[in-house]
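Input: a single structure, listed below in structure tokens.
So you know, we letter chains A, B, ... as the sequences are listed, proteins then strands, and number each from 1.
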Protein chains: 2
Amino acid sequence: MTTRWLTPEEQRAWRAYIAAASLVEDALDRQLQQEAGMPHLYYSILATLSEAPERRLRMTDLAERLKITRSRLTYGVTRLEKDGLVRREDCRWDRRGSVAALTDEGYRVLERAAPGHVETVRSLLFDRLNPEQVRQLEEIFTAIGAGFQGEGPHATAEDVPWRRRSGKPCP
Amino acid sequence: MTTRWLTPEEQRAWRAYIAAASLVEDALDRQLQQEAGMPHLYYSILATLSEAPERRLRMTDLAERLKITRSRLTYGVTRLEKDGLVRREDCRWDRRGSVAALTDEGYRVLERAAPGHVETVRSLLFDRLNPEQVRQLEEIFTAIGAGFQGEGPHATAEDVPWRRRSGKPCP
DNA sequence: CGATCTTGGTTCAAGTTTGAAACAAACCTA
DNA sequence: TAGGTTTGTTTCAAACTTGAACCAAGATCG
């Protein structure tokens with residue numbers, strides 16, 4: 001079938017999106033690099049851990065939540081571990097597994113960085129949108145994200161946080 | 001002043017956005033890497049050149065349109081030049097300058113890659129949005145992008161495509 | 001059991017990005 | 001017009017990302 005090119009409206013939307021999205025990511029990275037010495041993704045690793053029960057998550061779970069490859073995560077956690085912000089523990093119920101745990105130091109760094117980060121997100125995004133648009137933004141990207149069921153860099157999933165992944169009951 | 005944290009609605013929107021945006025970029029990169037042997041940014045370099053008058057653009061202009069640093073662009077153009085898809089010419093009106101020109105080969109590669117790329121963009125984004133949402137998407141990201149006046153990695157600008165940048169008239 | 005398949009995670013090399021520093025040409029000013 | 005500043009671009013080292021390959025340790029099944 002002959003290509004369904006983008007309509008003019010779609011083109012405009014696409015271009016506006018691509019341009020702004022890249023600017024936003026760059027700005028976020030710069031801000032966090034400045035104030036916390038790490039790129040946005042690494043901040044997100046800390047943030048995600050901080051919300052997990054016991055501030056711990058299995059590597060694969062963490063990778064899935066962040067929508068990144070395990071390989072990328074390994075690299076990031078290794079770096080954060082060197083900085084003392086995260087600690088690797090082995091999973092007691094699956095000897096293959098390892099668990100990333102946020103250290104107290106990591107939690108403190110996160111606490112210190114959070115206000116500046118939120119302020120940036122606000123000034124870049126939400127200060128420029130009305131409440132109606134915020135709702136639209138959510139709907140639009142929820143719809144887009146829904147297109148990736150079982151897609152992305154990932155295959156399997158499980159919802160029990162850091163205890164185990166497959167069929168073995170934990171003590 | 002005490003931090004203005006995100007409201008629950010803002011949080012939801014932010015998370016949906018961050019997650020989906022990263023999935024989209026990754027998918028785009030993978031698709032283009034597969035079918036054209038280059039990441040999304042490099043495809044965009046070709047695409048941007050193809051739309052410029054004479055399929056040529058000064059490095060700085062190109063960097064500005066793509067919203068990337070000059071350094072990043074240098075690297076990309078060097079790679080594309082090795083592949084024979086772009087050629088560097090010197091600017092006749094400013095001996096400092098260099099101009100990136102799309103080669104015929106580059107144009108052909110672009111033509112071949114375009115349908116698959118558009119198809120991907122469509123299936124990821126526009127197939128999941130109604131026309132109303134497409135309009136909202138444009139408005140939202142235009143608003144966000146507008147927050148970066150003179151920001152981003154760039155300082156100066158000029159609108160004459162590739163002829164010259166500052167005060168000297170061209171022959 | 002023991003062979004085999006799958007899953008969790010890391011490693012490695014190649015490619016890309018970053019930000020600062022280096023250069024060179026153009027511009028400005030006294 | 002010499003000297004200093006700005007602008008256009010590249011270079012360099014360090015950090016990050018990618019995908020494929022690899023190594024264990026579970027799970028499966030005859």
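On a pure distance criterion of 3.5 Å, no polar donor-acceptor pair joins the side chain of B:Thr60 and the base of D:dG8. In terms of polar N and O atoms assigned as donor or acceptor, the side chain of B:Arg96 comes within less than 3.5 Å of the base of D:dT7 in a complementary pairing. Taking 3.5 Å as the limit, the base of C:dT17 and the side chain of B:Arg72 contain no donor-acceptor pair of atoms between them. No N or O donor and acceptor, one from the side chain of A:Thr74 and one from the base of C:dG9, sit under 3.5 Å apart.
A:Arg128 contributes no side-chain N or O that, together with a main-chain N or O of A:Phe126, makes up a donor-acceptor pair within less than 3.5 Å. A distance-only check finds a donor-acceptor pair linking the side chain of B:Asp29 to the backbone of B:His40 [under 3.5 Å]. B:Ser98 places no side-chain N or O within 3.5 Å of a backbone atom of B:Glu89 that could act as its donor or acceptor partner.
A:Arg55 forms a cation-pi arrangement with A:Tyr107, by the criterion of a distance under 6.0 Å to the ring centre and an angle within 45° of the ring axis.
Comparing B:Gln34 and A:Arg79 against DNA chain D, the residue whose closest nucleotide sits nearer the 5' end is A:Arg79. Each of A:Gln33 and B:Gln33 was assigned the nucleotide of DNA chain D with the nearest heavy atom; the assignment lying further toward the 5' end belongs to A:Gln33. Nearer the 5' end of DNA chain C, as judged by each residue's closest nucleotide, is the contact made by A:Thr78, out of A:Thr78 and B:Leu41.
Applying the 4.0 Å criterion to OP1 and OP2 of D:dT9, one finds that B:Arg58 has a side-chain N or O inside that range. Side-chain N/O atoms of B:Tyr42 include one lying less than 4.0 angstrom from OP1 or OP2 on C:dT17. Between C:dT10 and A:Arg88, a contact under 4.0 Å exists linking OP1 or OP2 to a side-chain N or O. Put simply, B:Tyr75 has no side-chain N or O that comes within less than 4.0 Å of OP1 or OP2 on C:dT17. OP1 and OP2 of C:dA24 both lie 4.0 Å or more from every side-chain N or O belonging to B:Arg95.
If you check every strand for non-hydrogen atoms under 4.0 Å, A:Ser98 touches sugar and phosphate atoms only.
A straight line from CG of A:Asp29 to C1' of C:dT17 spans 10 Å, rounded to a whole angstrom. Taking atom CD of residue B:Glu25 and atom P of nucleotide C:dT16, one finds them 14 Å apart after rounding to whole Å. Rounded to an integer number of Å, the gap from A:Arg70 CZ to C:dT7 C1' is 8 Å. Look at CG on A:Asp94: it is 10 Å from C1' on D:dA24, rounded to the nearest Å. One atom, CG of B:Asp26, and another, C1' of D:dT18, lie 10 Å apart when rounded to the nearest Å. Computed from coordinates, the A:Lys82 NZ to D:dC16 P distance equals 10 Å when rounded to whole Å. The separation between A:Glu64 atom CD and C:dG8 atom P is 8 Å, rounded to whole Å. If you measure from atom CG of B:Asp90 to atom P of C:dA26, you get 12 Å, rounded to the nearest angstrom.
Checked against a 6.0 Å centroid threshold, the rings of B:Phe141 and B:Tyr17 count as neighbours.
Counting heavy atoms from C-beta outward, B:Val99 and B:Leu57 have side chains that stay 4.5 Å or more apart.
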